[in-house]
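Take a look at the structure below.
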Amino acid sequence: MAVGVKVVNRPGSLGQQAYLPAIAEGLGVTFRHFVKNFFGNVTGQRKKTDIATIEYPEEKKAYPERNRGLHRLMLRDDGQVRCVACMMCPTVCPAHCITIVPEEAPDGRIEKRPMIFEIDELRCVVCGLCVEACPCDAIRMDTLDHAKPTYRRGDAILDKEELMSRGVRSTAVQGGVGAFWREQVAGQPQTPASGEVVPAGAPHGPTPLRDHGHK
Amino acid sequence: MTTTPITTTPTPPSSSTEMVTVTIDGKTQQFPKGTVLLEACNQMGAGVPFFCYHPGLTSPAVCRQCLVDVKGQPKPVPSCYTPVADKMEVMTKSPRALDVRRQMLEFTLVNHPIDCPICDKAGECLLQKHYFDWDAKLARNDGIKIKKAKVVDIGPRIVLDQERCILCTRCIRVCDEVAKTHQLEMADRGDHEILTTAPGHKLDNPYSLNTVDVCPVGALTSKDFRFEMRVWELYTTPSICPGCATGCNIEVHHSRGKIQRLVPRQNDQVNEHWMCDEGRLTYKRVHAERLAAPMSGGAPVDWDEALDDAGRVLRAALDAGSAGVGVVMNAQSTNEDLYALARLTFDHLGLGKAYLAGLDQGWSDDILVSADKNPNTAGAMAIGAGRLRTLLDLANDLKSGALHTLLVVGTHGVIGKDGAAGALPLDRLTTLVVIGTHRDEVSAAAKVALPLCEWAESDGTFTNRLGMVQRVRAAVPPAGDSLPGWEILSHLARKLGATMEFTEAKTVFAEAKQKLPFMKDAEWGRPLLPVQLRFAGSRG
Ligand code: SF4
Ligand code: SF4
Ligand code: FES
């Protein structure tokens, strides 16, 4: 089979085909930005320039309100730690970075509290699951701060005192007397007259008890 | 099945028991006459909830959580109190049955403090389970809850939380029917009703911790386990209690290589659903004062060196006259360790006798506890077959100078708290080789001491006082460098020029089973991985 040659016509005008005008145009854009940003910076008009970077750490960016940052432990009215060492957060933590050793609280009112509460911020994946899991509003990540760099790894493990030092009194009511059910469930179907209506988040019948497999 | 009391093991239909035909939720099945309807329903997978029913106790039907509809009955009936009858038609999920059960649950929760975050039962609590399974709705009650006493010290081993109690009376029935002491009772009425100790009594019977197991909620908690762990962090391995010759079937609950608690496992021939309080604390010794590394001449050495030394000193002693060499077995060892030791002693070394050590006798009752505090005396006696001597004989032989060398395998009770054993003049020996679990006087006096696995660290079998050979399973990793007895003994045998090639506990068992008549019906069982309680449902 004979090999044919197909001639393709270049598109555009002669000016486009020569490229040089486009190069000059591009350099012009670069130069315009340079002039604007350079003199904007010198005259203190930085905001009006196109510079997206900031001069960290002199200049800091405000985090959004719901940012997940460094942990803190909230306090009770009397300044004690709110945490009751229920172990929900270490259970749910995917990075196994929370270590809690519970102890019996001497005042008998709360019964249980953490003797040791440590979070390894190097291991933490900042997922926020611990905050979701906490039934006591004891652990929060709303410090708008993030883990500081440290010289030694051990320094990134925050202990109870350090975590509590950032804590403040929580306003969440403790003891389960929160919002009344009538306000919360208005409009939701309540205990049905017959067993069929199954509202959201509702019972799913018996979970089979697993045989531990031991005989 | 395990301690999970949701159902007892289904009784196999036999020709002698009369069978009745029952229809449950449209499915028809035959049950032996007299079966409790609740058991029948749950064997069919209906999952009928209950609080006060426990297969090991009588049924007072006080909680009304197990109501089901029976065709022809005007009202729902408590299934825990109703025996199955022929042609009975049961609807466990009729709208009315579901509704009354949901209302009963709501009623139970009216004054419940719902302090799950600090409650030790959370994760194995029947109230949590039934709520999530059958209700899972927001509370409709915005009244003030009735306050009751919280941390009530009702006995040496147990703390009571009266607010959490759902008044099922299971614990009262454990005291009355199992421990046979009436130490708990209900006081006051209506929503002020509380569980309390009988006037002038404490909950201090030797079976008191069973109340913690049966309590469906966290009203009764064990002081030993209190706040140690959340239950879903635990793994469970079935085993046998080493506390006495009864051999109660247990589950070892452990986490991160440490045993956290022992709980009973159902075995109707041995311990039904129960075990004694003393037995529950036997796990403590597994983690206390253990001999962690092989010692030779008082200094830690590695296994090879220690075995060489042990072999050398024993060889020298045997060459100097095997009549002066004694071997001490222990009734705390498994059948496998004892069998390996018996082969070494009687077959390879050709000694005519061995001494049997073990913990001193203690108290007993006719419920579970036996006076013999060793789990495997029956096995040791059968393996020793008439060649065993007592510790008293050992003391005499030591005093008379008949022995110059001793090999002790298992040091429990070798130096007793009192009596003859306490007077063992071990310093008369020229050579003492110890294979032992703990750092005690015996292993300290030894020329060579080799670390031995405790009962919870090695696989094997125990023979209980009824002659039942029951399986012990390794639950936690061995302390330090410890090895199982049969393994140490096979290494030692090789050093002494004998051949004893055991590769795993199972091969020792298989050989022993062939040779020893008392083990001929014994079963090794299938291999098991520890089950995490998090995925095992409620123990309740
Ligand atoms: S979930 Fe909350 S209360 Fe529970 S252990 Fe964590 S911080 Fe403490
Ligand atoms: S303490 Fe537990 S077992 Fe005893 S009556 Fe109350 S809920 Fe039942
Ligand atoms: S379980 Fe039947 S009434 Fe309590």
Side-chain angles (χ1 to χ4, degrees), chain A residues 82-91 100-105 107-115 133-136 138 174-185 188-215, chain B residues 1-4 6-7 42 45-49 93-99 102-103 106 113-118 122 129 131-142 144-145 150-151 226-230 232-233 236-238 251 265 525-526 528-529 531 533-538 540:
Chain A
R82 258 180 104 80
C83 170
V84 295
C86 72
M87 301 289 177
M88 290 294 148
C89 49
T91 300
I100 301 178
V101 178
E103 69 174 356
E104 188 139 13
D107 76 349
R109 231 163 29 93
I110 300 301
E111 289 186 53
K112 197 179 175 188
R113 69 176 185 193
M115 176 166 71
C134 183
C136 303
Q174 211 149 13
V177 205
F180 289 144
W181 71 275
R182 282 181 234 281
E183 291 137 34
Q184 290 201 8
V185 300
Q188 274 186 30
Q190 277 309 296
T191 308
S194 75
E196 282 94 79
V197 188
V198 182
H204 41 75
T207 23
L209 281 190
R210 283 251 203 113
D211 184 340
H212 295 189
H214 303 154
K215 186 75 196 177
Chain B
M1 234 355 243
T2 60
T3 49
T4 313
I6 195 99
T7 47
N42 287 349
V48 174
K93 294 191 183 65
S94 69
R96 184 170 69 165
L98 282 179
D99 217 31
R102 200 173 289 135
Q103 284 162 6
E106 207 172 359
I114 321 195
D115 47 1
C116 309
I118 55 163
K129 177 179 157 53
Y131 169 75
F132 285 124
D133 284 357
W134 298 104
D135 190 8
K137 277 203 281 305
L138 289 171
R140 294 192 295 157
N141 173 15
D142 43 18
I144 302 292
K145 297 201 178 206
K150 277 198 89 71
V151 191
R226 192 170 161 80
F227 299 161
E228 283 293 319
M229 274 274 130
R230 301 321 303 263
W232 55 82
E233 296 175 59
T236 165
T237 304
E251 275 178 27
R265 179 165 56 101
R526 61 199 163 92
L528 289 180
L529 287 177
V531 179
L533 285 186
R534 185 173 185 171
F535 305 116
S538 170

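Numbered from 1 within each chain, the chains take letters A, B, ... in sequence-line order.
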To the nearest 0.5 Å, what is the distance between CD (A:E104) and CZ (B:R226)? 4.0 Å
Looking at every non-hydrogen atom in both residues, tell me the closest pair between A:C86 and B:P117 and how far apart they are. CB-O, 3.0 Å
By side-chain contact (heavy atoms from CB on, under 4.5 Å) - contacts of A:K112 (at least two apart): A:A85, A:P102, B:I118, B:F227, B:R230
Looking only at heavy atoms, the pair that brings B:W232 and A:M87 closest together is CZ2-O, 4.3 Å
Salt bridge (Lys or Arg N to Asp or Glu O under 4.0 Å) against B:E228, all qualifying residues, sequence neighbours excluded: none
